[in-house]
Amino acid sequence: MSVLVRSGVGPLCAVARAAIPSIWRGKYFSSGNEPAENNPVTPMLRHLMYKIKSTGPITVAEYMKEVLTNPAKGYYVHRDMLGEKGDFITSPEISQIFGELLGIWFISEWMATGKSTAFQLVELGPGRGTLVGDILRVFSQLGSVLKNCDISVHLVEVSQKLSEVQALTLTEEKVPLERNAESPVYMKGVTKSGIPVSWYRDLHDVPKGHSFYLAHEFFDVLPVHKFQKTPQGWREVFIDIDPQVSDKLRFVLAPCATPAEVFIQHDETRDHIEVCPDAGVIIEELSRRIALTGGAALVADYGHDGTKTDTFRGFCGHKLHDVLIAPGTADLTADVDFSFLRRMAQGKVASLGPITQHTFLKNMGIDVRLKVLLDKSNEQSVKQQLLQGYDMLMNPKKMGERFNFFALLPHQRLQGRRDQMNARQSKPFASPVAGFSELAWQ
């Protein structure tokens with residue numbers, strides 16, 4: 001718990017700081033009362049303190065952006081934070097079944113939308129490349145279905161370290177990688193199955209074309225602005241240096257309105273919210289592309305449908321970590337507000353979800369796939385690993401209801417096409433969308 005205090009916020013406000021008689025009720029927020037030995041002065045902390053001293057308190061969004069993606073000291077830029085030895089573990093690292101079912105989803109949608117001759121698979125924030133690797137293995141296994149399709153892989157990744165890990169996972173460097181740090185396509189290669197793969201730092205640099213987009217645990221690390229409702233109206237949460245302890249940070253409230261307030265809905269009933277303008281920009285770009293050239297986007301992340309308040313938190317060594325302590329050494333994240341994503345896509349494309357991971361994977365046939373793998377395995381240790389992975393993915397108390405799936409599709413995908421009409425039907429026919437209903441091959 002911590003007390004929020006008002007703060008002058010650079011050029012926006014020139015109001016003296018004064019205490020607010022209200023207690024912050026965010027579960028993951030620190031009061032800054034950690035012992036000194038638990039609050040090491042990291043290079044990122046020194047950088048942030050210099051920045052704050054120079055220009056004043058910074059937004060939570062700016063704090064997240066600096067801590068996670070600063071080119072020199074950012075958490076994501078120079079380290080591999082995934083897996084058992086990292087700070088968190090993701091679904092693809094838990095079980096191969098997860099990626100296999102997503103591969104089936106993309107093929108199902110490709111078939112349902114007319115089997116285009118070109119298929120761009122685009123992943124935003126590909127982690128270690130495990131997920132796209134599992135998807136490509138399914139593509140290889142179903143090569144007879146995709147034989148007349150020109151497939152290419154496009155990865156959007158800002159971390160040089162992770163891009164190297166992805167390249168090793170996907171290509172095994174059988175064909176030397178092409179590198180050009182100054183180009184929008186900063187790396188090119190060929191996967192183990194012979195599919196061209198390219199790396200970009202920004203979605204806007206990915207070629208437009210019939211594409212299927214994947215964002216798994218991507219939106220949760222985009223910077224959020226935090227707001228608290230006060231008697232004076234909405235006030236944004238900023239981060240400042242604690243005046244009592246010179247090498248610690250604290251949360252403060254802006255004394256007046258700030259620009260990001262435009263993202264708050266007029267009928268908002270919560271007393272604290274998080275908004276993510278960057279997520280809106282990306283959803284709008286995905287929507288434009290899908291409306292123009294077809295395809296689909298699948299988002300998998302932990303989040304809510306416009307109901308939660310405080311979700312900003314840190315992870316280090318698979319444990320919750322105070323977001324203001326030792327910045328640069330822990331992952332920072334906030335739950336995705338799917339109601340905001342849906343609002344940003346409205347009018348351009350159709351959206352489905354969010355639905356729980358348990359429901360999505362169940363509809364995709366995870367139980368059938370698990371049984372096949374168990375029947376094929378003769379080793380008890382492998383069977384145990386498969387069952388443990390299944391439990392982690394599906395158990396409502398673990399990932400099953402914590403994670404959600406959300407999709408963007410062209411309007412005509414759900415409306416059906418006139419040439420698909422059954423003579424006895426008065427409405428166009430559209431095949432169900434796999435995962436959001438039970439999988440059915442056409």
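These figures come from a predicted structure and were not determined experimentally. Values reported hereafter were calculated over all heavy atoms of this structure, with side chains retained and with hydrogens, waters and symmetry mates removed.
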Considering all heavy atoms of both residues, which atom of Y390 and which atom of K362 are nearest to each other, and what is their separation? OH-NZ, 4.0 Å
Heavy-atom pair with the smallest gap, counting every atom of V224 and C276: CG1-CB, 4.0 Å
Test: E62 and K65 ion pair at under 4.0 Å: no
Any idea how F360 and W105 line up, ring-wise: parallel (<30°), tilted (30 to 60°), or perpendicular (>60°)? tilted
Closest heavy-atom contact between Q166 and P126? NE2-CD, 3.7 Å
Side chains of N70 and Y75: any donor to acceptor distance under 3.5 Å? no
Are any of the side-chain nitrogens in D220 or R313 under 4.0 Å away from the carboxylate oxygens of its partner? no
D375 bridged to K371 by N-O distance under 4.0 Å: yes
Charged N-O contact under 4.0 Å between K229 and E268: no
Value for CD1 (I135) from CG (L102), rounded to nearest 0.5 Å, stands at 5.0 Å
Check the angle between the aromatic planes of F263 and F340 and answer parallel, tilted or perpendicular using the 30° and 60° thresholds. perpendicular
So which atom in G99 and which in L131 form the shortest heavy-atom distance, rounded to 0.1 Å? CA-CD1, 3.5 Å
For Q141, look at atom CD and say whether over 12 heavy atoms of other residues, nucleotides or ligands are found less than 6.0 Å away. yes
Assess whether a salt bridge exists between E274 and K308, defined as any Lys/Arg side-chain N lying under 4.0 Å from an Asp/Glu carboxylate O. no
Charged tip of R201 within 45° of Y186 ring normal and under 6.0 Å: yes
Could you tell me which residues satisfy side-chain hydrogen bond (donor to acceptor under 3.5 Å, both in side chains) with T130, sequence neighbours excluded, listed by chain and number? E93
For K397 and D391, run salt bridge (Lys or Arg N to Asp or Glu O under 4.0 Å): C-alpha distance rounded to whole Å, both residues' side-chain angles, the deciding distance at 0.1 Å, then the answer. CA-CA 10 Å; K397 295 181 179 179; D391 181 62; over 6 Å; no
Tell me yes or no: between the side chains of Q380 and Q384, is some donor less than 3.5 Å from an acceptor? no
Do H304 and Y302 have ring centroids that are under 6.0 Å from one another? no
